[in-house]
There are 2 protein chains.
Amino acid sequence: MSTTDLRLPAHAARSSAPSDAARKPRARRSARAHNRLPQLLDEAARLFRAQGFHGTSVREIVQSIDMLPGSLYYHFAAKEDLLAAVYEEGVHRISERVLGAIASETGAWRRLEAACIAHLEALLEDSDYAQVVIRVRPADVPAVAPSLVALRDRYEEIFVGLVAALPLRRGTDRRSLRLMLLGALNWSQTWYRAGRDDARAIGREFVALLRHGVPSPRT
Amino acid sequence: MSTTDLRLPAHAARSSAPSDAARKPRARRSARAHNRLPQLLDEAARLFRAQGFHGTSVREIVQSIDMLPGSLYYHFAAKEDLLAAVYEEGVHRISERVLGAIASETGAWRRLEAACIAHLEALLEDSDYAQVVIRVRPADVPAVAPSLVALRDRYEEIFVGLVAALPLRRGTDRRSLRLMLLGALNWSQTWYRAGRDDARAIGREFVALLRHGVPSPRT
DNA sequence: TCATTGGCCGAACAAGTGTTTGTTTTTAGC
DNA sequence: GCTAAAAACAAACACTTGTTCGGCCAATGA
């Protein structure tokens, strides 16, 4: 399912012939019981989210799970590939959540609203992985930037579809609509504070504002 | 005019008595002919905007203006204070631009629109300074974070006023309105591409969407 | 003309960076 | 129980990071 060309460490290099056609799906490496890759990813997500990519050192990441810096390079060829893995998982989680939310809804506007709420919940109250997707700029990680952009674009395709389904007057600029909505949603990461704000309420409010406009007086 | 408690280098320390009342406005240090502080700030803004704070080293900054790393510390006590200076200048520039734009407009909605367009122009097509304000997160620069937040909050007060002036139905949540609008505007930094997109058009479009809502069919 | 000092150089410092390599321990399959 | 691979250790490497500090020189105001 992995679409990023994630550069793996040397020991996991492609088997043999450089031009072997019919490459197997390459079953995920056995995965033993004692494998701290999940914890490694969790910690990386936590720190990348809180401090960004350049603001987080590999020592910081491995320290909190009692691992040594060098051990990271058994799992990933470089720090940037660790970020790529976290990012991919983040996109995966948001996608799942959003797709799940819209599946049970009918009606273009209700589906869009459900998607926005799910997007926000994942972004504000859920996992660190999702937040990394919004927090870290692909340009900060040159080696894997194209992969990250591709992932994000593919995710936003969901919203392209949702907006396309809206019953709008002919000639309406649906791109602006989408960009405005997603921008407002994503930026909420800046001002959102748990307890004070509520993801569901924000999502509903923003969609309503976009749908009906701001309520004008004496109407 | 400086509101950030910008920690200056040692040679510019407060004169003498620790508890001297009636402190002079402290006229800006003489500023000789040969002073490359402006170029230093320009380069810092350029790089902080493109690569973020942690992604930019002090050597990178001074190198492009043929300065040595140590010389930076004649002007600033720390790298973080350089960022603070750039940030402050950025807020100053956006503020000037926005205030200038709304001064010549009457009518609450027209003023808001003018402000958004000016905000976007500064953010997308104008100076690096303004972009730093949106790009760099205060949390990335702990030592001066409070100052940065205060600056940004003070700037956003302009929009609080503009939104407060809108003729809306009683009970409308003006905070959501403002957050949605500013969020959408700020996030445009992510997808905007010079040539393809146009700041003025984006501003007009977003304000229109917020005012009237999306145009529904057969109305 | 001369003392003053703003502005910067030159050279280093200690700490931290991502990464490599050889080796050891642990686990799974036969 | 033996073996082969997985997973991680231990210890370094080469380099970059932000920062310090003494000295130097040109410009400035008297």
Side-chain angles (χ1 to χ4, degrees), chain A residues 7-13 15-16 26-44 47-48 51-86 140-144, chain B residues 7-13 15 26-41 43-44 47-48 51-86 140-144:
Chain A
R7 303 167 311 171
L8 293 168
H11 74 272
S15 45
S16 53
R26 224 159 87 55
R28 205 135 186 72
R29 213 164 52 259
S30 59
R32 278 207 219 178
H34 256 47
N35 185 341
R36 307 190 350 217
L37 177 66
Q39 313 168 46
L40 182 61
L41 288 170
D42 282 353
E43 268 304 302
L47 290 169
F48 285 152
Q51 317 179 3
F53 180 73
H54 289 295
T56 306
S57 71
V58 306
R59 280 176 175 78
E60 219 173 336
I61 298 171
V62 298
Q63 207 165 13
S64 36
I65 62 166
D66 283 311
M67 205 187 222
L68 293 185
S71 306
L72 188 153
Y73 294 85
Y74 172 75
H75 297 283
F76 300 98
K79 182 191 174 190
E80 302 198 329
D81 295 303
L82 169 57
L83 187 273
V86 170
D140 286 347
V141 201
V144 296
Chain B
R7 303 168 309 168
L8 293 169
H11 74 272
S15 43
R26 224 158 87 58
R28 204 136 184 70
R29 211 164 53 258
S30 59
R32 280 207 219 182
H34 256 47
N35 186 340
R36 305 186 344 203
L37 176 65
Q39 312 168 45
L40 180 63
L41 288 169
E43 268 304 304
L47 291 169
F48 285 153
Q51 317 178 4
F53 179 74
H54 289 295
T56 305
S57 71
V58 307
R59 280 177 175 76
E60 220 174 335
I61 298 172
V62 299
Q63 205 165 15
S64 38
I65 61 168
D66 283 310
M67 205 186 222
L68 292 185
S71 305
L72 188 153
Y73 294 85
Y74 172 74
H75 297 284
F76 300 98
K79 184 192 175 190
E80 302 198 329
D81 295 302
L82 168 58
L83 186 273
V86 170
D140 287 346
V141 202
V144 296

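The sequence lines fix the lettering, A, B, ..., with proteins before strands; numbering per chain opens at 1. Treat the numbers as computed from the prediction; the structure is a model and nothing was measured.
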Novice: Could you check how far CE of A:M67 sits from P of D:dA6, rounded to whole Å?
Specialist: 15 Å

Novice: What integer distance in Å separates A:L83:CG from C:dT19:P?
Specialist: 12 Å

Novice: Mind checking A:R36 for me? I need base, sugar-phosphate or nothing, with any heavy atom below 4.0 Å counting as a touch.
Specialist: sugar-phosphate

Novice: Return yes if some donor-acceptor pair links the side-chain N/O of B:H54 with the main-chain N/O of A:G52 below 3.5 Å, else return no.
Specialist: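 Looks like no, no N/O pair under 3.5 Å.
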
Novice: Side chain of B:R36, backbone of B:I65: donor and acceptor closer than 3.5 Å?
Specialist: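 Pair found, side chain donor or acceptor close to backbone of B:I65.
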
Novice: Please report the distance, rounded to the nearest Å, between NZ in A:K79 and P in D:dT16.
Specialist: 16 Å

Novice: Please work out if B:S71 contacts a base, only the sugar-phosphate, or nothing of the nucleic acid, heavy-atom cut-off 4.0 Å.
Specialist: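 Contact class for B:S71: base.
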
Novice: When you measure from the side-chain N and O atoms of A:S57 to the phosphate of C:dT17, is any distance below 4.0 Å, counting only OP1 and OP2?
Specialist: yes

Novice: Could you give the NE2-to-P distance, from A:H54 to D:dG18, as a whole number of Å?
Specialist: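 Taking NE2 of A:H54 and P of D:dG18, I get 12 Å after rounding.
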
Novice: Is any side-chain heavy atom of B:L83 closer than 4.5 Å to one of B:D140?
Specialist: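 Contact flag for B:D140/B:L83 side chains = no.
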
Novice: From D:dA10, D:dA7, C:dG10, pick the nucleotide closest to the side chain of B:L68?
Specialist: C:dG10

Novice: If only side-chain N and O atoms of A:H75 are considered, is one of them under 4.0 Å from the OP1 or OP2 phosphate oxygen of D:dA8?
Specialist: yes

Novice: Checking the side chain of B:K79 only, and the main-chain atoms of B:F53 only, is there a donor and an acceptor separated by less than 3.5 Å?
Specialist: yes

Novice: Which one, D:dT20, D:dA8, C:dG18, comes nearest to the side chain of B:Y73?
Specialist: D:dT20

Novice: Please round to the nearest 0.5 Å and tell me the distance separating atom CG of A:L68 and atom CD of A:Q63.
Specialist: 10.0 Å

Novice: Find the distance A:L37:CG to D:dA7:C1' and express it as a whole number of Å.
Specialist: 11 Å

Novice: Measure CD/A:Q63 against P/D:dA8 and give the value in whole Å, please.
Specialist: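 In whole Å, D:dA8 P and A:Q63 CD are 17 Å from each other.
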
Novice: Given the structure, check if the side chain of B:R59 and the base of D:dG18 hold any donor-acceptor pair shorter than 3.5 Å.
Specialist: yes

Novice: Please give, in whole Å, the distance from D:dA8 C1' to A:L40 CG?
Specialist: 12 Å

Novice: Between A:T56 and B:H34, who's closer to the 5' end of DNA chain C by nearest nucleotide?
Specialist: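 In this pair, the answer is B:H34.
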
Novice: Looking at B:Y74, I'd like to know whether one of its side-chain N or O atoms comes within less than 4.0 Å of OP1 or OP2 on C:dG7.
Specialist: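 Indeed, a polar side-chain atom of B:Y74 lies that close.
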
Novice: Taking CD from B:E80 and P from D:dT17, how many angstroms apart are they, rounded to a whole number?
Specialist: 16 Å

